[in-house]
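Report on one structure; see the data block that follows.
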Amino acid sequence: MNCFPENFLWGVACASYQCEGAWDEDGKGRSIWDDFCHDPYAEHIRNGDTGDIACDCYHRFRDDVALMKTLGLKAYRFSVSWPRIIPDGDGAVNEAGLHYYDELVDELLANDIEPLMTLYHWDLPSALQDKGGWLNREIIPAFGRYAEILAEHFKGRVKYFMTINEPQCVTVLGYGIGIHAPGLKLSDEKLAQIYHIFALSHSEAQRRIKAVAGADVQVGIVPCGRLCYPSMNTPENKEAAYRASFNLAKDRWGFTFNIILDSLIFRRYDDSAPDAVRRFAATIPPSEWEQMETPDFIGVNVYSGDEVDCKGDFVRRPAGFPLTANKWFVTPEVMHYGPLNLYRRYGLPLFITENGQSCNDRIFLDGKVHDPERIDFLHRYLRELHKATEDGTPILGYMQWSFLDNFEWSEGYNERFGIVYVDYSTLQRIPKDSAFFYRNIIASNGAVLFE
Ligand code: NOJ
């Protein structure tokens, strides 16, 4: 039987701002996403949507966890809203905020669902943005303190901490082209500084989590970026795909895994770094490189990959190539070669922390939500992930993105990524066909993928 490793953690993922709602309840401070969505001078979000209510998980988490249990889920990756815990980012702790996550974590544990806690999934306290956000080095100790507070509070209950989700998207989309909060358009030099501050912040958080929770916890980071797969299964082509994945001189350097992971793990940028990165790197004192902490594992968000030929060039997609509802290419092979190449470069265990697709889901006449595209997507991607495990890549678990349809950042509620449909007018949840397909995958530890 074709199965995944024993104790493989099959789960789902979501993030605080995308699903919680309760944006101004129980002492929560404002975040940059509250500000971005409520900007009186510009409409940044499709349809003027906000995360004010989102899926209302803040009030409905018990029912949601019960539904997770019926689907047989073994893990839930969620994020903590920093301004719920420390409303101004660096001052007094809001006990009501901690209480919400206490209840969520306890509910998960009572249902045998492993909580995977992400500390930063983009909802920065506005008070910290007022001081420069991720461009001001004062954020390093502030983030470290926040991480320590959570580690102290949840030690013994949470084993897996993930410090920062997709710093590449924050940097490129939020500080580079301004389509995400905080909506800035800064130079490449400034973006290089932000990556370095992210790396130092991760390291500070990891040190402080380990200091209070010790060997009981595993600390990871969740970067994203370009992942390539070869056109042909030849050694030459596979090598070209590996090199293209991590070549900073090719395409967009800011959207690469190595722009952050090389700092943490190799304590340097490699020779392909562009001028802006080199100029900034020349100002980094050796003592700062020494502060970098290698994570215990890497979380990888896998969506769409780039096909590379044996010369190392990107392959143009033919007309009619398969697309998701939000027009991302469907490229299952990236789930084989992406993790494989990350393991080859860094030698660390991996979690697939996100994978899924948006579909134009709707309720059919029979009252159900049929999503054959998502089923086909999961089927194909998971078969490829299995190849990665067979090739010896240590994969600890797979988190489908997402459990519920939710707030897709600048696209608002236009994109539906859930395996559970949300009727936003009533907040009713309806498991889609893919939820039951996923339940069978989990129950058979992947064997049904090969029937
Ligand atoms: C990655 C992000 O972490 C998540 O917040 C987002 O919703 C998904 N990708 C889908 O775009």
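First listed ligand is number 1; within each ligand, the first listed atom is number 1.
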Short side-chain donor-acceptor distance under 3.5 Å, [Y] and [X]:
| X | Y | result |
| --- | --- | --- |
| Asp270 | Ser272 | yes |
| Glu166 | Asn301 | yes |
| Tyr398 | Asn355 | yes |

When rounded to the nearest 0.5 angstrom, what distance separates CG in Leu385 from CG in Leu340?
->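 One gets 11.0 Å once the value is rounded to the nearest 0.5 Å.
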Any idea which atoms of ligand 1 are less than 4.0 Å away from a heavy-atom of His121?
->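 Listed by number with element: 2 (C), 3 (O), 4 (C), 5 (O).
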With a cut-off of 4.0 Å, which atoms of ligand 1 are near a heavy atom of Trp409?
->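 Near Trp409, meaning under 4.0 Å from one of its heavy atoms, ligand 1 has 4 (C), 5 (O), 6 (C), 7 (O).
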Of Glu408, Glu411, Glu354, Gln357, which has the heavy atom at the shortest distance from atom 4 (C) of ligand 1?
->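 Of the listed residues, Glu354 has the closest heavy atom.
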For ligand 1, is there an atom lying under 4.0 Å from some heavy atom of Trp328?
->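 Yes, Trp328 has heavy atoms under 4.0 Å from ligand 1.
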N/O separation below 3.5 Å, Trp122 to ligand 1 =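 In fact, backbone or side chain, Trp122 has no N or O that close.
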Kindly determine whether Tyr343 and Asp391 satisfy side chain to side chain donor-acceptor pair (under 3.5 Å), including the steps that lead there.
-> CA-CA 11 Å; Tyr343 182 57; Asp391 284 348; over 6 Å; no
Please state which part of [X] comes within less than 4.0 Å of ligand 1, counting heavy atoms only: side chain, backbone, both or neither.
| X | result |
| --- | --- |
| Glu415 | neither |
| Asn165 | side chain |
| Phe407 | neither |

With distance as the sole test, does Tyr424 use its side chain to make a donor-acceptor pair with the main-chain N or O of Ala54 at under 3.5 Å?
->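 Checking the backbone N and O of Ala54 against the side chain of Tyr424, no donor-acceptor pair under 3.5 Å is found.
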